[in-house]
Number of protein chains: 2
Amino acid sequence: MTTTVEQLPLAEALVRLSHRVQQVFAEVSRRHDLTPQQAQLLCRLAAGPVGMSDLTRWLALEKSSLTGLVDRAQRRGLVVRIPHETDRRAFQIALTDAGAARAEATHRAVIAQLDALLTTVSPAHREQLSTLITDSILDTPR
Amino acid sequence: MTTTVEQLPLAEALVRLSHRVQQVFAEVSRRHDLTPQQAQLLCRLAAGPVGMSDLTRWLALEKSSLTGLVDRAQRRGLVVRIPHETDRRAFQIALTDAGAARAEATHRAVIAQLDALLTTVSPAHREQLSTLITDSILDTPR
DNA sequence: TATTGTTATACTCTATAACTATA
DNA sequence: TATAGTTATAGAGTATAACAATA
């Protein structure tokens with residue numbers, strides 16, 4: 001069942017790939033009772049608390065948008081605001097235990113679902129792809 | 001200025017890549033006075049009119065969500081509803097001239113912006129990447 | 001004065017459920 | 001009855017602008 005997609009320019013292929021991955025991400029998030037944005041927020045926090053101001057950069061959101069996103073996640077018991085130790089204007093956002101569990105489960109499910117899509121890719125090609133993507137594209141901070 | 005991203009599992013790399021591409025897509029759409037969803041809709045229509053019902057599948061939206069999206073795009077003069085020739089319940093959605101121009105310009109800008117991110121990738125690697133993505137991943141219809 | 005974050009406001013996007021019109 | 005699409009409703013996500021508190 002090969003649907004013959006003709007060879008695409010790289011940028012073109014990336015856009016399509018990206019939309020596909022987003023659909024998977026959205027579908028999995030939904031199954032875990034999270035919006036994609038909430039899921040993305042939780043995943044960003046999995047490695048440890050992050051300041052609001054850093055979060056706006058990672059998520060590419062205006063600060064007021066982030067306020068709302070964090071509000072809703074906090075209301076749902078997924079994250080908490082921790083006062084900064086010295087700067088009394090600032091907060092760190094941290095996962096609650098429930099939030100950490102949800103982040104972990106959602107993350108695992110996204111990976112599993114994507115891996116299911118990737119079964120046709122040989123180990124050698126997976127390695128190649130991963131290396132190319134990691135080194136060439138993600139290595140541009142922003 | 002190499003930020004040393006450690007080697008990631010493929011699925012992991014795809015998720016990060018995808019978020020990065022989405023940010024570029026959103027930023028470019030915005031510069032062209034479109035929401036990302038509107039831009040995606042217009043791009044889907046660039047090849048010719050599409051039925052509402054097909055669109056819900058391509059965009060992975062509920063039909064009522066699509067109604068709203070099309071409403072707003074139509075109100076902005078970007079698309080029109082064309083009655084189906086035989087089935088009087090159905091519509092084809094088509095770009096207006098203005099919509100086609102906007103789709104074209106936005107699409108070009110997205111590609112250009114991504115290409116700018118890809119300058120560090122050698123032609124050989126671009127070819128490789130493109131082939132891998134096209135053949136292995138996008139070739140799974142849905 | 002500059003920075004951190006919130007509030008107020010207005011849209012857009014999305015889903016669910018109920019509905020209309022046509023097949 | 002089934003399908004194509006809309007309407008009603010509610011909530012989430014987003015940006016802009018104005019604001020408060022702290023640095």
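Protein chains get the first letters and strands the later ones, always in sequence-line order, with residue 1 at the start of each.
Within 4.0 Å of A:R30, counting heavy atoms only, lie sugar-phosphate atoms of the nucleic acid but no base atom. Counting non-hydrogen atoms under 4.0 angstrom, B:T86 reaches the backbone sugars and phosphates but no base. If you check every strand for non-hydrogen atoms under 4.0 Å, A:T67 touches a base. In this structure, A:L66 reaches neither bases nor backbone, as no heavy-atom distance under 4.0 Å exists between it and the strands shown.
Taking atom CG on B:L61 and atom C1' on C:dC13, their separation rounds to 9 Å, with Å as the unit. If you measure from atom CD of A:Q37 to atom P of D:dG11, you get 17 Å, rounded to the nearest angstrom. Straight-line distance from the CG atom of A:D71 to the C1' atom of C:dT6: 8 Å, rounded to whole Å. We find that CD of B:E85 is positioned 14 Å from P of C:dA23, with the value rounded to whole Å. Atom-to-atom, CZ of A:R57 to P of C:dT3 comes out at 12 Å; the value is rounded to the nearest Å. Atom-to-atom, CZ of A:R31 to P of C:dA15 comes out at 15 Å; the value is rounded to the nearest Å. Rounding to whole angstrom units, CG of residue A:D33 and C1' of D:dA12 are separated by 13 Å. Separating the CG atom of A:L55 from the P atom of D:dT14 is a distance of 13 Å, rounded to the nearest angstrom.
The side chain of B:M52 approaches D:dG5 more closely than any other nucleotide in the set D:dT14, D:dG5, C:dT6. Listed nucleotides D:dT22, D:dA17, C:dC13 differ in distance to A:R89; the shortest reach to its side chain belongs to D:dT22. Here C:dT6 is the nucleotide among C:dT6, D:dT22, C:dA17 with the atom lying nearest to any side-chain atom of A:R81. Checked against C:dG5, D:dA12, D:dA17, the side chain of A:R72 finds its nearest nucleotide in D:dA12. Distance from the side chain of A:L69 is smallest to D:dG13 among C:dT22, D:dA15, D:dG13. Distances from the side chain of B:A90 to the nucleotides C:dC13, D:dG5, C:dT4 place D:dG5 closest. Closest to the side chain of A:K63, from the set C:dT6, D:dA2, D:dG13, is C:dT6. The A:S64 side chain lies nearest to D:dA17 when the options are D:dA4, D:dA17, C:dA15.
Nearer to the 5' terminus of DNA chain D, by closest-nucleotide assignment, is the contact made by A:S65 (compared with the other of A:S65 and A:R88). Nucleotides of DNA chain C nearest to B:E62 and B:R75 differ in position, and the one nearer the 5' end is that of B:R75.
The pair A:D71-A:R81 meets the salt-bridge criterion, since a charged nitrogen lies less than 4.0 angstrom from a carboxylate oxygen. Taking a cutoff of 4.0 Å between a charged side-chain nitrogen and a carboxylate oxygen, B:E104 and B:R108 qualify as a salt bridge. Salt bridge annotation for B:R126-B:D115: present, with a cationic side-chain nitrogen under 4.0 angstrom from a carboxylate oxygen.
Under the 4.5 Å side-chain heavy-atom criterion for grouping Ile, Leu, Val, Met, Phe, Trp and Tyr, A:L14 is connected to A:L8 within one hydrophobic cluster.
Here the shortest heavy-atom pairing between B:V70 and B:M52 reads CG2-SD, 4.0 Å.
Remark: the backbone N or O of B:L61 is not paired with any side-chain donor or acceptor of B:S65 at under 3.5 angstrom.
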